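Keep in mind that what you see is a predicted model, and the values were worked out from it rather than measured.
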Amino acid sequence: MSTSTSGVSSGASITPVVVRLKLSLLRNGLRQSAGRRAAYITSVVVVLLFAALQLLGLITLRGNAHAASVTVLLIAVMALGWAVMPLFFPSGDETLDPTRLVMLPLRPDPLVRALLMASLVGIGPLFTLCLLIGSVISVAHGTAAYVTGVVAVPLALLVCVALARAVAAANIRLLSSRKGRDLAVLSGLVIAIGAQLVNFGAQRLGSAGGLSRLDPAADVLRWVPPGSAIGAVDSMSKGSYGVGAAQLVLSVAALAGLLALWSRHLTRLMTSPDGSTLQAGESAARERVSTGGLRRLLPSGRTGTVMERSLRYVWRDPKTKAAWVTSLAIGLIVPVFNALQGTGSIYFACFAAGMLGIQMYNQFGQDTSAFWMVAMTIASPHDAYVELRGRALALLVITLPYATLVTVLTTAMLDDWSKLPEVLGLSFALLGAMLATGAWSSARFPYSIPQEGYKNVAPGQAGLAWIAIFGGMVSAALLTAPVIALTIWLNVTADGDRWSWLLLPLGAGYGALITAFGLRMAAPRTARRLPEILAAVSKG
């Protein structure tokens, strides 16, 4: 027994074990159903196709005077994505959650090495690798540059992965504790705003003077890892061997620092108790008092009960709240920031309805294993219809006034009041289409949202989650096509302005009809697939 424990503790063999564990989790997840295999394969094909296009695009930059600026900025943005995406988007697996390993006799340093190697298995690392290879090819000139590139590519990839794991380990308690996960809402809001600021900043730079406007920012980021690794290749190409070596050493130092930080967080995580959920009973009591009057404002019967439950999820469940706050922020930021820049369109106001309509997808996943209590109350398609209708109405309580407010605000900022009725009608039609496709997708492609850790989807279900959301969004766009076509026709017709106000009642009516149709279509499937839905949402 002592020999076995010593071997595990030394870390001599845990790296291949953890890597095989990740592959086994992925393989077993795909074996559960043909639908999940198809969803995963589709997501892999789409990501690889996009990676190939990015690789070709970077290769075509070779010889361009500003190729280094583009690649350095690209890798810097990629590193930012690695840092924040695992916290707020479906990703990860059980091997990347160290709380699953706290009872094993593992030391932090061997565990860090094992988890780092396991993190390199997946679509994300492969996509990043393609971008790094393309970046090196676009800036490398000469033997010294190519030799540096051979070192820079894996070094930059390891920096990205180590950054993601260090941030995730530092936020495990934040996202797994009751009070702590509420603070993640603020983090999600900051990240959403920051991403939009980067987006609009890039647009302004591009419109102001082409790629040359990127040079000042790139001159700074070429000294910030992992951009410094690509900067080292560019410096070697220019003959600045001392500068290139310094940039490469800086990336190595950053990797060592991130690994040390990760190891420190692992040590604290695996040896310190989590007291963040103490006095949970007192908090629950205060929440019951604060929401006691909600029930009186809702309809009677099962519809009101379902609405109350859904609204309580929005208010009390940290991950649901984070998703809502992020959607609310982005839905406001996109039209308002474009309007402030003077380049916006009033139709950007539809972004608010689109962002909140996404919340209708995977309705049963937010219930997790507690969905069995809901499933026990569904004995017929009518019961399923009432359940779905209550959830849709709860979403409309927030979405309808919010979408209206964003549209009016955008209209006021652009001073284009004549377009207000048609944009509101288009928003309502889009919202109805997303409610319809969201209800169907919730029954057809349910997936689990683990309450513990930083993952937003259970292992083996990431491809299912992406195909459910993006497939549903494409379907919603197709369902909204008649209203979009009518809007275009009225705008190109000579006297269309006189009749554009009709788009408001027509869009609202169309949205209501398509929602009712979608709920009716999803109800029989929901009632028929209750065991499969329960198994899928209880996975995490």
Side-chain angles (χ1 to χ4, degrees), residues 19 22-23 25-61 70-71 73-96 116-138 153-154 156-165 167-168 191 195 198-199 226 230 358 361-362 441 445 447-449 454-475 477:
V19 172
K22 178 168 185 177
L23 293 174
L25 288 170
L26 178 61
R27 182 174 60 253
N28 293 337
L30 296 177
R31 284 177 175 175
Q32 294 189 4
S33 69
R36 290 180 182 176
R37 287 193 296 273
Y40 182 79
I41 293 173
T42 302
S43 63
V44 169
V45 170
V46 172
V47 170
L48 291 180
L49 179 61
F50 185 67
L53 294 175
Q54 292 291 316
L55 178 61
L56 292 175
L58 289 170
I59 293 176
T60 58
L61 278 176
V70 174
T71 54
L73 286 171
L74 177 64
I75 300 307
V77 173
M78 177 63 65
L80 177 63
W82 270 96
V84 301
M85 294 285 278
L87 299 177
F88 301 99
F89 293 91
S91 64
D93 58 82
E94 302 293 343
T95 64
L96 303 183
L116 183 64
M117 292 299 104
S119 301
L120 295 176
V121 179
I123 304 175
L126 180 59
F127 178 77
T128 305
L129 181 63
C130 292
L131 293 187
L132 289 169
I133 292 175
S135 299
V136 168
I137 293 176
S138 66
V153 168
L157 178 60
L158 290 175
V159 169
C160 289
V161 174
L163 175 62
R165 296 308 122 212
V167 172
I191 290 171
V198 171
N199 177 37
I230 303 301
I358 294 176
Y361 294 85
N362 196 35
S441 179
F445 300 108
Y447 58 90
S448 176
I449 304 177
Y454 55 88
K455 303 179 298 296
N456 290 310
V457 65
Q461 293 185 337
L464 185 69
W466 286 114
I467 201 68
I469 294 174
F470 286 104
M473 292 172 63
V474 172
S475 301

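In plain terms, the two heavy atoms of L157 and P125 that are nearest each other are CD1-O, 3.9 Å. Heavy-atom minimum distance, L163 versus A79: CD2-O, 3.5 Å. The nearest pair of heavy atoms linking L158 to M117 is CD2-CE, 4.3 Å. Summarising the geometry of V153 relative to L132, their closest heavy-atom pair is O-CD1, 3.5 Å, with the distance given to 0.1 Å. The two residues K22 and V121 have their closest heavy-atom pair at NZ-O, 2.5 Å.
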Going by atom type alone, with no hydrogens or angles, which donor-acceptor pairs under 3.5 Å involve a side-chain atom of residues 45-54 and a protein atom two or more places apart or on another chain?
none

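By the side chain to side chain contact (heavy atoms under 4.5 Å, CB included) test, T71 is found to be paired with L58, S135, S138, V139, I230, residues two or more places apart in sequence or in another chain being considered.
Between atom CD1 of residue I75 and atom CG of residue L80 there is a gap of 12.5 Å, rounded to the nearest 0.5 Å. Annotation: the span from T60 atom OG1 to L55 atom CG amounts to 10.0 Å, rounded to 0.5 Å.
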Give the intermediate values and the outcome of side-chain contact (heavy atoms from CB on, under 4.5 Å) for residues R165 and L116.
CA-CA 8 Å; R165 296 308 122 212; L116 183 64; 5.5 Å; no
